[in-house]
Protein chains: 2
Amino acid sequence: MINIQQLSLEVSIGVDTLRIWERRYGFPNPERDSRGHRCYPDEQVEELRVIKKLQLLGLQPNKIFALSALERKDLLQQEQADEGSDNVFVQQLAAELNPTEIDHALRRLLQQLGLEEFIHQAAVPLIHVLDHGWANNSISIAREHLVSDRLESLLKEQLKIGELETALHRLLFLTLSGERHKLGLLLSALLFQQQGLGSIFLNEELPLSEVPPLAEALGVSAVAVSFSAHYPTRQAKKDLASLRNSMTPEIKLIAGGYAVRKEFIMPNLFICSELEKIPSLCKKLFHDN
Amino acid sequence: MINIQQLSLEVSIGVDTLRIWERRYGFPNPERDSRGHRCYPDEQVEELRVIKKLQLLGLQPNKIFALSALERKDLLQQEQADEGSDNVFVQQLAAELNPTEIDHALRRLLQQLGLEEFIHQAAVPLIHVLDHGWANNSISIAREHLVSDRLESLLKEQLKIGELETALHRLLFLTLSGERHKLGLLLSALLFQQQGLGSIFLNEELPLSEVPPLAEALGVSAVAVSFSAHYPTRQAKKDLASLRNSMTPEIKLIAGGYAVRKEFIMPNLFICSELEKIPSLCKKLFHDN
DNA sequence: TAATCATAATTGTCCTAGACAAAATAGTAT
DNA sequence: ATACTATTTTGTCTAGGACAATTATGATTA
């Protein structure tokens with residue numbers, strides 16, 4: 001029995017949205033405490049997780065609420081079926097809970113494959129399996145966090161801070177306040193680094209207004225920002241416009257992630273949603289052969 | 001000119017709180033756009049930062065709003081004066097912006113002092129200076145993030161994941177959704193590790209309901225949670241009660257941080273707000289000499 | 001058939017203004 | 001000084017309304 005604020009944090013749905021869904025669709029349908037405040041039972045929390053996942057798959061609330069709870073669950077299962085991962089090793093990793101073993105396995109793999117191949121053949125599939133397992137409820141949130149935490153640590157170790165000074169161009173990678181998903185951005189940072197650029201990866205989320213002064217103080221050639229599916233597209237659009245507006249045009253702006261659309265066209269804003277396109281983007285931006 | 005949502009993220013004050021301050025104290029005093037939505041000019045954002053800092057120092061909004069903008073600034077300066085750090089090296093670190101040099105300096109220091117001394121003599125003072133510089137506006141938010149980011153990376157490398165299996169007791173360190181401050185908890189994790197315990201430090205914030213299953217799956221002897229000054233005390237209290245209630249009593253619960261009060265008395269809940277007390281708490285919890 | 005555009009429906013965030021429990025402060029008695 | 005009580009103060013909740021931006025739908029044209 002949790003209140004609306006806690007629920008909002010649990011399922012990553014805004015408080016206002018939760019209330020208006022109740023008004024419009026009759027769900028969630030919380031009980032009330034003595035003061036008339038909403039109290040959500042566990043089952044509704046779980047149902048909202050399902051709904052959120054369907055929404056992230058691209059369905060409108062409209063359609064989602066037209067379905068029964070059972071139909072929703074089936075739909076989620078269905079989505080899972082077609083995307084079965086072929087990589088057994090990755091499957092094992094996602095299923096193994098022991099942190100020590102996860103760490104060892106990842107390190108072994110990294111040594112075998114080298115960083116670039118590790119990213120494409122291990123990290124990306126692993127992240128997919130985790131996302132997918134999460135959507136499908138076959139992996140607990142906790143386990144997902146545990147594995148991605150180990151992966152993140154390992155990847156962060158691969159950032160070469162010592163070589164920043166010698167690099168021709170430095171890039172600043174960061175997320176804005178409210179964006180918690182950093183793994184994709186971290187992969188980008190490493191791939192840019194592989195292209196010979198200096199990657200400064202900021203782990204902490206920054207308020208919008210702090211970005212321009214930091215970028216200028218660090219003397220970077222570009223700032224890369226990532227917006228996950230959880231970040232409202234509207235907000236991402238506004239944020240990028242605001243950023244582009246408050247930075248000198250010499251500093252390029254690179255945006256990526258699910259919430260970023262190709263239509264966000266602006267001068268000196270580069271959309272990069274696929275890791276594969278990083279080398280070509282690199283050439284385009286800093287033609288330093 | 002930003003909207004209320006963005007402002008909330010910028011200054012870490014809830015949307016509801018911003019509106020009720022306006023109603024009660026006449027500040028902030030935003031303009032309105034064509035739809036009647038609040039638009040906050042930059043100066044008010046800055047003023048709110050000052051107010052937030054005073055609030056974190058322990059002042060009630062009541063008193064804060066009774067002052068003029070100038071008086072507020074003076075008060076903040078005053079608070080700064082008495083806590084001048086004696087450690088010149090730490091001051092330099094906080095002032096130096098180059099990530100490479102920060103990293104090198106920290107590593108050198110760690111090698112000189114050893115982990116335990118590094119924590120007490122370098123990490124803790126550095127965090128104080130950062131906090132303090134932030135409150136005093138002498139360090140930009142961005143710089144503060146940059147330095148604490150480097151410190152965090154270095155400290156995370158010191159966690160010995162490989163020795164988890166051999167340790168007699170394992171501890172799980174984590175923060176709940178919404179709590180972004182992890183440095184203090186990380187220091188604790190390292191000090192517990194120095195006491196011979198296995199520290200599992202989870203970087204990602206977890207929803208409340210995910211903690212008990214994870215703790216049991218990992219077979220830990222205790223869960224340590226941290227709540228910073230930004231986390232509402234009320235919520236921390238509720239969260240701890242809920243956690244304690246949903247975990248087997250064999251798993252101890254350790255809580256620390258500014259938002260945690262000694263009055264939060266519950267069976268098998270241990271409050272630990274000072275790093276110095278970790279060795280004795282360790283003995284108390286796991287009398288394994 | 002596919003692409004383009006205008007229209008309609010949907011969605012999430014904002015609005016006002018009132019209520020109240022929990023926390024903090026002040027006041028009083030032990 | 002300490003404990004206990006009364007009084008502020010504070011932040012989060014409530015309801016129900018509004019509307020711009022996004023997405024879907026249908027009509028029209030190439």
Side-chain angles (χ1 to χ4, degrees), chain A residues 1-9 11-25 27 30-40 51-52 54-66 178 229-239 241 259-264, chain B residues 2-9 11-25 27 30-40 51-52 54-66 178 229-239 241 258-264:
Chain A
M1 280 304 203
I2 60 176
N3 66 20
I4 196 166
Q5 177 80 42
Q6 286 178 283
L7 176 66
S8 174
L9 284 172
V11 299
S12 300
I13 299 171
V15 168
D16 277 314
T17 305
L18 287 168
R19 275 196 281 256
I20 208 141
W21 281 0
E22 183 182 338
R23 216 196 297 173
R24 290 201 181 126
Y25 312 110
F27 191 89
E31 299 170 29
R32 302 297 180 119
D33 67 8
S34 52
R35 301 173 249 173
H37 289 193
R38 291 168 174 82
C39 284
Y40 297 86
I51 289 166
K52 174 75 181 186
L54 286 174
Q55 197 184 16
L56 286 175
L57 284 171
L59 294 187
Q60 278 197 310
N62 194 14
K63 320 286 178 188
I64 299 174
F65 285 106
H230 287 87
Y231 207 89
T233 301
R234 270 181 229 179
Q235 194 65 49
K237 196 175 178 180
K238 274 190 204 171
D239 291 345
V260 172
R261 302 294 153 83
K262 283 169 196 156
E263 304 95 73
F264 292 2
Chain B
I2 60 176
N3 66 20
I4 197 166
Q5 176 81 40
Q6 286 178 281
L7 176 66
S8 174
L9 283 172
V11 300
S12 301
I13 299 171
V15 167
D16 278 315
T17 305
L18 287 168
R19 275 197 280 255
I20 206 141
W21 280 1
E22 183 182 339
R23 216 196 294 174
R24 288 199 183 129
Y25 311 111
F27 191 89
E31 299 170 29
R32 301 298 179 119
D33 67 8
S34 52
R35 302 173 248 172
H37 288 193
R38 290 168 174 83
C39 284
Y40 297 86
I51 290 167
K52 173 76 181 185
L54 286 174
Q55 197 184 17
L56 287 175
L57 283 171
L59 294 186
Q60 278 197 306
N62 195 13
K63 320 287 178 187
I64 298 174
F65 285 106
H230 286 87
Y231 207 90
T233 301
R234 270 181 231 179
Q235 194 66 49
K237 196 175 177 179
K238 274 190 204 169
D239 291 346
Y258 192 90
V260 173
R261 303 295 152 83
K262 282 169 198 157
E263 305 94 73
F264 292 1

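The analysis underlying the following values was restricted to heavy atoms, covering all of them including side chains, and did not include hydrogens, waters or symmetry mates.
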Determine, stepwise, if the pair A/R32 / A/R38 fulfils side-chain contact (heavy atoms from CB on, under 4.5 Å). CA-CA 5 Å; A/R32 302 297 180 119; A/R38 291 168 174 82; 3.6 Å; yes

Between [N] atom [atom2] and [X] atom [atom1], what is the distance in whole Å?
| X | N | atom1 | atom2 | result |
| --- | --- | --- | --- | --- |
| A/N3 | D/dT12 | CG | P | 10 Å |
| A/F65 | C/dT10 | CZ | C1' | 13 Å |
| B/D16 | D/dA15 | CG | C1' | 13 Å |
| B/R24 | C/dC20 | CZ | P | 14 Å |
| B/F27 | D/dT10 | CZ | P | 16 Å |
| B/L18 | D/dG11 | CG | C1' | 11 Å |
| B/R23 | D/dT9 | CZ | C1' | 14 Å |
| A/E31 | D/dT14 | CD | P | 14 Å |

Report the residue (B/Q5 or A/Y25) whose heavy-atom-nearest nucleotide on DNA chain C is the more 5′ of the two.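 Residue closer to the 5' terminus by nearest nucleotide: A/Y25.
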
Which one, [options], comes nearest to the side chain of [X]?
| X | options | answer |
| --- | --- | --- |
| A/Q60 | C/dT11, C/dG12, C/dC15 | C/dT11 |
| A/P61 | D/dG11, D/dC13, C/dT11 | C/dT11 |
| B/H37 | D/dT9, C/dC15, C/dT10 | C/dC15 |

Kindly compute the distance separating [atom1] ([X]) from [atom2] ([Y]), expressed to the nearest 0.5 Å.
| X | Y | atom1 | atom2 | value |
| --- | --- | --- | --- | --- |
| A/M1 | A/Q6 | CE | CD | 12.5 Å |
| B/F27 | B/L18 | CZ | CG | 10.0 Å |
| B/C39 | B/I2 | SG | CD1 | 9.5 Å |

[X] side chain near [N] phosphate (N/O to OP1/OP2, under 4.0 Å):
| X | N | answer |
| --- | --- | --- |
| B/K237 | C/dA23 | yes |
| B/R38 | C/dT16 | yes |
| B/W21 | D/dT10 | no |

A/V11 and A/L7: CA distance, side-chain angles, deciding distance, side-chain contact (heavy atoms from CB on, under 4.5 Å) verdict: CA-CA 6 Å; A/V11 299; A/L7 176 66; 4.1 Å; yes

So if I take the C1' atoms of five pairs at each end of the helix from C/dT1-D/dA30 to C/dT30-D/dA1 and get each local axis, what angle do the two axes make, rounded to 10 degrees?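 For the helix from C/dT1-D/dA30 to C/dT30-D/dA1, the axes at opposite ends meet at about 30°.
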
Has the side chain of A/K52 got a donor or acceptor atom that lies under 3.5 Å from a matching backbone atom of A/S12?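 Between the backbone of A/S12 and the side chain of A/K52 there is a qualifying donor-acceptor contact (under 3.5 Å).
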
What contact category does A/Q55 fall into here, base, sugar-phosphate, or nothing, at under 4.0 angstrom with non-hydrogen atoms?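 Sugar-phosphate: the residue A/Q55, judged by heavy atoms under 4.0 Å, touches backbone atoms but no base.
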
5' priority, DNA chain D, between A/R234 and A/R19 [closest heavy atom]: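 Checking each residue's closest nucleotide, the 5'-ward one belongs to A/R19.
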
In terms of the nearest nucleotide of DNA chain D, which residue is placed more toward the 5' end: B/T17 or A/T233?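 Going by which nucleotide is closer to the 5' end, it is B/T17.
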
B/F65 versus B/I51: any side-chain heavy-atom pair under 4.5 Å?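 Side-chain contact under 4.5 Å: yes.
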
Within-4.5 Å side-chain heavy-atom neighbours: A/T233 and A/R261: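 Yes. Closest side-chain heavy atoms under 4.5 Å.
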
